[in-house]
Amino acid sequence: MIDCLIDNTYKTIDNKAVIYLYLINNILKDRNFKPYFYAELDKNKINLEDIENIKDFLLKNDLLKYVEKIDIVKKRILKEEKEILKIIATHPQKVPKLRKIKEIVKEIYEHDIPFAKRYLIDNDIIPMVYWDFEKNKVVSKDIPKLNMVAFDIEVYNEGKEPNPNKDPIIMASFWDGNGGKVITYKDFNHDNVEIVKNEKELIKKIIEELKKYEVIFTYNGDNFDFQYLKERAKLYNIKLELGREGEEIKIKRGISNKVYIPGRVHIDLYPIAKRLLKLTKYTLEDVVYNLFGIEKLKIHHKNIGLFWEDIDENLVEYSLQDAKYTYKIGIYFFPLEVMFSRIVNQVLFETTRMTSGQMVEYLLMKRAYLDNLIVPNKPDEKEYKRRLEVSYEGGYVKAVKGLYENIVYLDFRSLYPSIIITYNISPDTLDCDCCKDNSEKILGHWFCKKRIGLIPKTLKDLIDRRMKIKKQMAITDNKEIKELLNYEQLSLKILANSHYGYLAYPRARFYSKECAEIVTYLGRKYIKQAIEEAEKFGFKVLYIDTDGFYTTWKKKIDKDELIKKTKEFLNYINKKLPGLMELEFESFYRRALFVTKKKYAVLTDDNKIEVKGLEIVRRDWANIAKKTQKKVLEALLKEGNIKKAKKIIQETIKNLREGNIDIEDLVIYTQLTKKPEEYKTSAPHVELAKRLIREGKRVNIGDVIGYVIVKGAEKVSEKAKLPEEVSKEDIDINYYIENQILPPVLRVMEALNITKSELKKEEKQKTLDEFFT
DNA sequence: GCGGACTGCTTACCT
DNA sequence: ACAGGTAAGCAGTCCGCG
C-alpha cells in the first residue's frame, strides 16, 4: 500500500492504547506498540534478583498491575555503556504513576515522551511523503496532494472584546483552491454569500464544510476562531466533531493553545508567520502586504458590529478576503513546513507549532534511538535555574567608525556546525575515559576519537543532505522541482544552524555548557587567526562579527585587483584550515559606512544599500525617523553629498514643525514581553498597556503596541497614546525632533566626523573625496 | 536643590 | 521557550557643589 501519513495520535480502546496513523486514504491502527521507559541502577550488570526487588516495590505500592513486562537492555547513557531496565507499561497514562520507582533506582529516563511521538521515533515511517507501507520506504517526495481550505469567522461585538456568552458568530468564510464563500444569516448582497437560517445552522454548516478537507489553515485559530466556535456551539449543544472518525476537536491548553483535529491537519499560520518572517507586527494584513505586496480590505474589529447592523456587503468581502489570503499564506508556507515535518519525523500538526529548539530535540531523540543512546531528562526547575545563571563567552566583535571604499566581506561557511563536526563536539563524546591521555585539551576538555558523537553525526547528516540537494538544484531546469529542493535545503540549513544554540539552551535534554563554550572559543580562535593572516597578506580589516569580516586592501586598489587578491588569500588560508572549516568570499561592496558595533550600512555593487542594526531596521523607532535616516544615508553613500544630507534633515524638521506630516509616520512600535504589572520600570508601551487594560481592552503578552508621543506630561511614558486617540495638534513635535529624528541621523553623520556643531554651521560644500584620503 | 553622570531595565537588533 | 554581544532610550539614583 502506498499512502501518506498526515497525522497520528493514540486512542484508548478496551483499556488498551491503540496508535492511529491517519493517511490520506486510510487509517491504520497499531495495537502492538507499548509504552515504556528506562530505569538505571547503580550497577552495570543487572540480575533477576534486581528485577524481583523492583517488582516487590511496585507490588507494595499497588503499581505492579500497570507493568506488562520488565526487560534488561544494553544502552549507552552519554559515555557509559551499561545494562538498564526497560519497563513496559500497560497504558501510556500509567507511566506517570510508575515514575514512583525513581525512589529505589539511580535514575529513570524517557518517561515523558508523548506516546504518539514515541511511535514515530521508534518506527520507520516518514510523514508527508508517499510511503510504501510494505517495503517501509519512500516512494515519492512530491508535496502530497491534499484538500486544503482556509477558514475564518467573524464575531459580533459592541466595539469591545467579544463575549462568547452573548456575542454571536455572524459569518464564516472558506477559501480553497477553487474559490471561496461566506456563510451568514443575513441577506447580504454579495456573489459569494450563502445564507442559512441562524447562528445554529451556521455552526452546523461550518462543521459540514470543514470535514471536506484534510488541511485547515487559520490565522490565530489556536487562540481565537476554534475557541470561540466551541463556546458558541456549546450553547446549542453542538459538539465540534471534526475528526476523521468524528472525533471532537481537542483544545490543548498551555502557554499558547493548540487546537487539534484528529486525522486532519490544522495549521495556524500566525505563529508560523511570527517564526519565519521579520516584521514590525503580524496582523493578517501586515503579513499579506509583506509577502505579496497586496493591500487587503481591513475592517477594524470594533466596527464589525456596525457593518453587520447595516448589512454592509463590505463585511462579506472583508471576511472572504480573510479566508482568501489566509489560504494564500498557507500555500506559501506549506512546502517548507512539510520539509520540517519530514526531517524532524513528526506530524505537521506538531512541527508547525514547534520552536526550532524543539525541532532539534525531536530530531536528536530519533537519532539517539537509532544509536542506542538514552535520551537525557529535561532539567527540573532547580537545574533549569542553575543553568540560567551560568554564562559563557560568545562571538568576537570589533568595529571601526567611518566610510570606506572597495570592500569585501569574507566569512566562514557554517562556522559553528563545522567546528562541531571537525572537533566531534557532543555531550556524549565530551571528556571520555578512553581518550583522556592521548588528546590535546581545549579549555581543559577533550572529545572522543573513537566514536562520532550524536550531535556531530546528526549535523553531518543534515549538511551532507543539503550539499546533495544543492548539487541537484544546480543540474535541474524544472522550476517546480528546483523550488521544492530549495525549501528542502532551507529547512536543513535552519535546523543545522540551530544545533549550537540548542547545546546551551537551559531547557535542552542534551544541554552542555562545556560544549557550547568550546564551540564559541574555537570560533573566536579561527576568526582571529583569519584576520591576523589577512593583515599579514596585505588587507586592512575593518569590521569583525563572530564568523566574518569586512576588509579592504591596505593600498588603494580597484575592484578587480581586490577580488583577485581575495581569491589568492582564500586559496592560501583554506589550505591551512582543518576539517570542514572554510573561509568564503561572500560579496563585494562599493562603499561601507560603519557606525558602531552591529550598526552599519553597505552599498552593493549594483548600487543598493543594505542596512544592519541602524534605526532604519528597528521597529521601535518612528517611521519619520527611519525615513530620514535612510535618505541621509543614501545621500552619503550613493552621492557623497553632505550638503544634501543636511538639507534632508532641515526639511524634515521644517515639515514636522508646520504640521505637514502623517500621524502614521509617528507611530512607535514596542512589544509587550511580559504582563504590564510585572515590569520593574515604567515605559511608554507599558503605561499605555496598563491603561488599555483598565479600560477593559484585552492586551496579551507578545502584542506589539503602537503609540505616539503627545504633549502634556513630564515623562515620556506618561505621554504615550494610541494613534487613533490623537490629532496632529496633540503631538509633541519637540520630542519627535530631539528624540526621534536627530539622534539617528547625527550618529550617521558623526561616523563621518561631522559633529553636531559643525552640522549647525552653514559651510561650503564638502565632497566625500576628502574622507578617503 | 540642581544638573550631569551613572546604573539598571528593557528592547531589538547582529552573528 | 536556540546562544551571547551590542547599542540605545528611559527612569531613577547618585554625586558634587564651600
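Letters A, B, ... are given to chains in the order of the sequence lines, protein chains preceding strands, and every chain is numbered from 1.
- Between A/Y260 and A/F349, the angle of the ring planes lies from 30° to 60°, which puts this pair in the tilted group.
- Contact check, A/N739 against C/dC10: a side-chain N or O comes under 4.0 Å of OP1 or OP2.
- When rounded to the nearest whole Å, the span between CG of A/L503 and C1' of C/dA3 equals 10 Å.
- The residues A/D545 and A/K597 are annotated as not salt-bridged, no charged nitrogen and carboxylate oxygen being separated by less than 4.0 angstrom.
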Could you go through nucleotides 3-6 of chain B and list every protein N or O atom that sits under 3.5 Å from one of its N or O atoms, giving the distance for each pair?
none

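- Within the nucleic acid shown, A/R747 comes within 4.0 Å of sugar-phosphate atoms alone, with no base atom in reach, counting heavy atoms only.
- Computed from coordinates, the A/K528 NZ to C/dG5 C1' distance equals 13 Å when rounded to whole Å.
- A donor-acceptor pair under 3.5 Å links the side-chain atoms of A/K366 to the main chain of A/L120, judged by distance alone.
- Contact annotation: A/Y735 side-chain N/O to C/dC10 OP1/OP2 distance is under 4.0 Å.
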Sequence-aligned protein contact record of nucleotides 8-15 of chain B, with B where the base is within under 4.0 Å of a protein heavy atom and S where only the sugar-phosphate is: -SSBBSBS

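- The aromatic rings of A/Y502 and A/F510 sit tilted relative to each other, their planes meeting at an angle between 30° and 60°.
- Classification of A/K721 and A/D730 as a salt-bridged pair fails, no side-chain N sitting under 4.0 Å from a carboxylate O.
- Expressed to the nearest 0.5 Å, how far CD1 of A/I573 lies from CG of A/L410 amounts to 9.0 Å.
- Among the nucleotides C/dA7, C/dA11, C/dA3, the one closest to any side-chain atom of A/T596 is C/dA7.
- Residue A/E615 contributes atom CD, which lies 7 Å from atom P of C/dA8 at whole-angstrom precision.
- Per the geometry, CD1 belonging to A/I518 stands 19 Å off P belonging to C/dA3, to the nearest Å.
- When A/E610, A/R590, A/K608, A/E634 are each tested for a side chain to side chain contact (heavy atoms under 4.5 Å, CB included) with A/L603, only one passes: A/R590.
- Here C/dA8 presents its P atom at 10 Å from CD of A/Q629, a figure rounded to the nearest Å.
- Between A/E687 and A/K690, at least one side-chain nitrogen of the basic residue sits less than 4.0 Å from a carboxylate oxygen of the acidic one, meeting the salt-bridge criterion.
- With salt bridges taken as basic N to acidic carboxylate O contacts below 4.0 Å, none links A/E488 and A/K493.
- Nucleic acid contact for A/G394: sugar-phosphate only, since backbone atoms but no base atoms lie under 4.0 Å from a heavy atom of the residue.
- Nearest to the side-chain atoms of A/V397 among the listed nucleotides C/dT6, C/dG12, C/dG9 stands C/dT6.
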Test ring pair (Phe, Tyr, Trp, His ring centres under 6.0 Å) on A/Y550 and A/Y404; report intermediate values, then the result. CA-CA 10 Å; A/Y550 291 84; A/Y404 300 86; over 10 Å; no

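- If you check every strand for non-hydrogen atoms under 4.0 Å, A/Y416 touches nothing.
- Within the 4.0 angstrom heavy-atom criterion, no nucleotide atom of any strand lies near A/Y511.
- For the pair A/E361 and A/K378, the salt-bridge criterion is not met [side-chain N within less than 4.0 Å of a carboxylate O].
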How would DNA chain B look in dot-bracket form, 5' to 3', counting Watson-Crick and G-U wobble pairs with both distances under 3.5 Å and writing | for bases paired to another strand? |||||||||||||||

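- Across the protein-nucleic acid pair, A/Y500 atom OH and C/dG5 atom C1' stand 10 Å apart, rounded to whole Å.
- Whole-Å rounding puts the A/L388 CG to C/dC2 P distance at 12 Å.
- Between the C1' atom of C/dA8 and the NZ atom of A/K597 lies a distance of 15 Å, rounded to the nearest Å.
- Aromatic ring pairs are classed by plane angle as parallel below 30°, tilted from 30° to 60° and perpendicular above 60°; the pair A/Y526 and A/F412 is perpendicular.
- Among the atoms of the strands shown, none is found under 4.0 Å from any heavy atom of A/P684.
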